Amino acid sequence: MIYTPGSVIFDLDGTLLDTAPDLAAALNLLLKEEGCECLPLASVRSMVGRGAVHMIKQGLVNAGIEIDGALPDRLRTRFLDHYRACCIERTSPFPGVVEALTQLRETGHPLAICTNKSYEVSVAIIEGLKLSHFFAGIIGGDTLAQAKPNAAPVHAAIDLTGGSLETAI
């Protein structure tokens, strides 16, 4: 029996990369524009992981502004504009990530990214950090009609690697 290394699919924020400093910078710029005090990185770090809308709402709540119902589109748009402008200024791979990616590639594991961050920003970050050579591709939150936790994006990321669901991690 011949061993074929399985695909390894990674999330981006908080898994491969510490993106919280740039997310905090974008959020704090938005808060400042809204007349609010900036939040410390530790506070923003605890808000990361449930999407931009959640983070913006939590940031506003922490600054004393309650948002009833849906977040106004203008706030989300301005936040995303700020984030696109600074998305690789302070973002960096977590310690050991580059070494782990190198070892996985050297042992034949095809790699891909599956994130709920937009495809455009994900590519900009991965290319800006000079990590694109590790990955067969990226499935962003806007690549398909469904985003995670739906399984379709993970399956699409596995497909990018030419791997199979049975052997993917």
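Bear in mind the structure is a predicted one, so any value in this text is a computation, not a measurement.
Residue T91 comes nearest to C87 through the heavy atom pair OG1-O, 3.1 Å, listed as atom of the first residue, atom of the second, then distance. Between V48 and A20, the shortest heavy-atom contact is CG2-CB, 4.4 Å. Of all the heavy atoms in I88 and A124, the pair that sits closest is CG2-O, 4.1 Å. Across all non-hydrogen atoms, the minimal contact from A157 to C114 is CB-CB, 4.0 Å. Of all non-hydrogen atoms in L30 and L75, the two that sit nearest each other are CD2-O, 3.8 Å. In this structure, P110 and P5 approach most closely via the heavy-atom pair CD-O, 3.8 Å.
For R84, the salt bridge (Lys or Arg N to Asp or Glu O under 4.0 Å) partners two or more places apart in sequence, or in a different chain, are D81. Considering only residues two or more places apart in sequence or on other chains, D142 meets the salt bridge (Lys or Arg N to Asp or Glu O under 4.0 Å) condition with none of them. With sequence neighbours left out, R90 forms a side chain to side chain donor-acceptor pair (under 3.5 Å) with D22. A search for side chain to side chain donor-acceptor pair (under 3.5 Å) contacts involving K148 returns D11, not counting sequence neighbours.
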Verdict with reasoning, L16 to L101, per side-chain contact (heavy atoms from CB on, under 4.5 Å): CA-CA 9 Å; L16 292 175; L101 294 174; 4.2 Å; yes

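Hydrophobic clustering (side-chain heavy atoms under 4.5 Å, transitive across Ile, Leu, Val, Met, Phe, Trp, Tyr) keeps M47 apart from L29. L17 and V97 fall within a single hydrophobic cluster, where Ile, Leu, Val, Met, Phe, Trp and Tyr side chains are chained together by heavy-atom contacts under 4.5 Å.
Between atom CZ of residue F10 and atom CD1 of residue I138 there is a gap of 13.0 Å, rounded to the nearest 0.5 Å. Note that CG of D159 is 8.5 Å distant from NE2 of H155, once rounded to the nearest 0.5 Å. Annotation: the span from L111 atom CG to H109 atom NE2 amounts to 8.5 Å, rounded to 0.5 Å. Interatomic distance, CD1 of I113 versus CG of L12, reported as 5.0 Å (0.5 Å rounding). Here the OH atom belonging to Y83 is positioned 3.5 Å from the CD1 atom belonging to I125, to the nearest 0.5 angstrom.
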In residues 55-64, what donor-acceptor pairs under 3.5 Å come from side-chain atoms, sequence neighbours left out?
from	atom 1	to	atom 2	distance (Å)
K57	NZ	G69	O	2.6

For residues 129-137, which side-chain N or O atoms pair as donor and acceptor with protein atoms under 3.5 Å away, sequence neighbours left out?
none

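Taking a 4.5 Å side-chain heavy-atom cut-off between Ile, Leu, Val, Met, Phe, Trp and Tyr, the cluster of I158 extends to I9, V154, L165. In this structure, L41 shares a hydrophobic cluster with no other residue, the cluster being traced through Ile, Leu, Val, Met, Phe, Trp and Tyr side chains under 4.5 angstrom apart. Hydrophobic side-chain contacts under 4.5 Å tie I139 into a cluster, directly or through other members, with L160.
Sorted by first and then second residue, the salt bridge (charged side-chain N to carboxylate O under 4.0 Å, His left out) pairs with a member in residues 35-47 read D18-R45; sequence neighbours excluded. Applying the side chain to side chain donor-acceptor pair (under 3.5 Å) test to pairs two or more places apart or on separate chains, none has a residue in residues 118-127. The side chain to side chain donor-acceptor pair (under 3.5 Å) pairs that include a residue from residues 24-36 are E33-R78, E33-H82, E34-R74, E34-R78, where partners are two or more places apart or lie in different chains.
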